[in-house]
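In each ligand, atom 1 is the first atom listed, and ligand 1 is the first ligand listed.
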Amino acid sequence: MIAFSKRLISVPPSPIRKLVPFAQIAKKQGVKIYHLNIGDPDIKTPQVFIDVLNHWKKNPISYGQSQGEPAFLEALKTYYQHLGYLFVQAKNIQVTSGGSEAISIILFAVCNPQDEVIVFEPYYANYNSYAIINNVKLCAIITHSQNGFHLPSTSEIEKYITKKTRAILICNPNNPTGTVYTKKEINQLVKIAQKHGLFLIADEVYRDFVYDNQKHISLLDYIKQLPKQIIVIDSLSKRYSLCGARLGMIVSLNQKIMDGVLRIAQGRLSAGLIDQTMACQINNIPNNFLSDVKKEYEERRNLLYQGLKQIPNVTLEKPEGAFYCIVNLPVNNAENFCRWLLTDFRLNNQTIMLAPAAGFYQNPILGKKQVRIAYVLNKNDLKQSLQILAKAVTKY
Ligand SMILES: Cc1ncc(COP(=O)(O)O)c(C=O)c1O
């Protein structure tokens with residue numbers, strides 16, 4: 001038998017998708033499943049994007065430019081400038097195939113093999129795959145449900161900095177916890193990065209979804225302070241319900257990094273031409289689009305939070321942003337519970353699919369009693385899902 005690589009085995013399955021085979025069997029049996037496991041928004045993509053597809057003429061559909069289509073880079077420059085980041089020029093932007101590719105490229109760009117990147121667990125599980133593919137070690141610092149998964153003290157973080165540490169990677173607002181870091185926390189990280197000469201990478205793909213009138217503190221606000229060290233990862237997937245278009249960005253003022261990133265980008269030729277042509281309309285989206293979407297997610301968050309708190313022995317901190325929360329369940333093994341929901345439990349021939357939270361932790365003993373819930377379903381479906389969860393928790 002021909003052997004495949006050992007490192008292939010080390011790539012973990014996605015906790016978000018690993019129960020899919022059980023869901024498929026249930027669906028074949030005619031069971032309706034409410035998908036609370038994955039962050040694929042149900043909100044309609046802006047019509048200005050769809051119109052481009054409806055009027056598509058270009059034939060053949062060629063490659064795009066490796067850095068990004070010039071018209072799209074210009075549109076993005078305008079987009080960032082409208083946000084107040086007047087210093088962002090096209091040369092500071094690399095277009096990628098989703099934020100996913102952006103993170104992977106950046107890990108390659110800032111780390112030598114076996115270098116370390118600090119993350120805060122629970123963290124977006126796919127960071128594991130990007131780290132393994134790039135031969136980078138993620139050093140996870142634990143954060144706790146009781147204080148809404150906010151950051152530990154500077155001295156605690158500094159304990160994890162070694163000679164091999166190259167970067168701190170945060171996700172703000174956070175997937176899977178819904179935490180939005182305060183200005184004090186961002187200041188804290190900037191100071192640590194400055195003191196120890198580390199890259200500070202912020203995955204801001206949920207930047208627009210911050211609730212309770214809280215303000216999102218972007219690392220773009222600090223990038224001029226640490227121009228060589230701060231890198232922002234961005235994506236249109238969640239903001240504009242554009243997950244299938246696969247468009248992300250790296251934003252950095254470090255020209256050497258951007259030059260290297262472009263060389264990597266040349267190797268994969270280009271991001272999708274159709275996707276970028278569509279997204280050139282980014283500045284023509286009606287002004288109220290994002291505020292309406294945010295309002296909708298905030299209402300869903302409120303509904304879900306109130307509903308979950310009423311289920312006996314189910315606990316959570318109120319999520320502050322993105323569209324996820326980590327929920328503590330009265331079960332010993334949340335993965336078994338999630339599987340049982342798909343294989344055994346039905347309420348009027350319906351059930352729910354959740355993501356077991358253990359896969360968002362590096363420490364194997366953490367998250368065993370937790371699930372991640374994504375509130376990407378409409379309010380009626382969320383209400384129904386809450387009823388199913390309440391009954392299931394009692395029955396299990
Ligand atoms: C925190 C975070 N970063 C990055 C991504 C990647 O998204 P995409 O590749 O669609 O831009 C996701 C997707 O769920 C995410 O949750």
Using a 3.5 Å cut-off and no angle test, enumerate the donor-acceptor pairs between side-chain atoms of residues 99-107 and protein atoms at least two apart in sequence or in another chain.
unit_1: Ser100; atom_1: OG; unit_2: Tyr130; atom_2: OH; d: 3.4
unit_1: Glu101; atom_1: OE1; unit_2: Ser97; atom_2: N; d: 2.7
unit_1: Glu101; atom_1: OE1; unit_2: Arg268; atom_2: NE; d: 3.3
unit_1: Glu101; atom_1: OE1; unit_2: Arg268; atom_2: NH2; d: 3.3
unit_1: Glu101; atom_1: OE2; unit_2: Arg268; atom_2: NE; d: 3.0
unit_1: Ser104; atom_1: OG; unit_2: Asn134; atom_2: ND2; d: 3.1

Checklist entry - Mind checking what makes side-chain contact (heavy atoms from CB on, under 4.5 Å) contact with Gln114, not counting sequence neighbours? => result Asn135, Lys137, Lys164
Next on the checklist: For Tyr206 and Phe209: C-alpha separation, side-chain torsions, deciding distance, then whether ring pair (Phe, Tyr, Trp, His ring centres under 6.0 Å) applies.
Outcome noted: CA-CA 6 Å; Tyr206 298 99; Phe209 307 136; 7.0 Å; no
Checklist entry - Which protein residues have a heavy atom under 4.0 Å from ligand 1? => result Gly98, Gly99, Ser100, Ile103, Tyr124, Cys171, Asn175, Asp203, Val205, Tyr206, Ser235, Ser237, Lys238, Arg246
Item to check | Donor-acceptor contact below 3.5 Å, side chain His216 vs main chain Asn172 | outcome: yes
Next on the checklist: Using only atom types and a distance under 3.5 Å, with no angle test, would you say the side chain of Glu69 pairs donor to acceptor with the backbone of Gln65?
Outcome noted: yes
Side-chain donor/acceptor pairs under 3.5 Å, residues 173-181, sequence neighbours excluded:
unit_1: Asn174; atom_1: OD1; unit_2: Thr177; atom_2: N; d: 3.1
unit_1: Asn174; atom_1: OD1; unit_2: Thr177; atom_2: OG1; d: 3.0
unit_1: Asn174; atom_1: ND2; unit_2: Cys171; atom_2: O; d: 3.2
unit_1: Asn174; atom_1: ND2; unit_2: Tyr181; atom_2: OH; d: 3.4
unit_1: Asn175; atom_1: OD1; unit_2: Arg372; atom_2: NH1; d: 2.7
unit_1: Thr177; atom_1: OG1; unit_2: Thr179; atom_2: N; d: 3.2
unit_1: Thr177; atom_1: OG1; unit_2: Thr179; atom_2: OG1; d: 2.7
unit_1: Thr179; atom_1: OG1; unit_2: Gly148; atom_2: O; d: 2.7

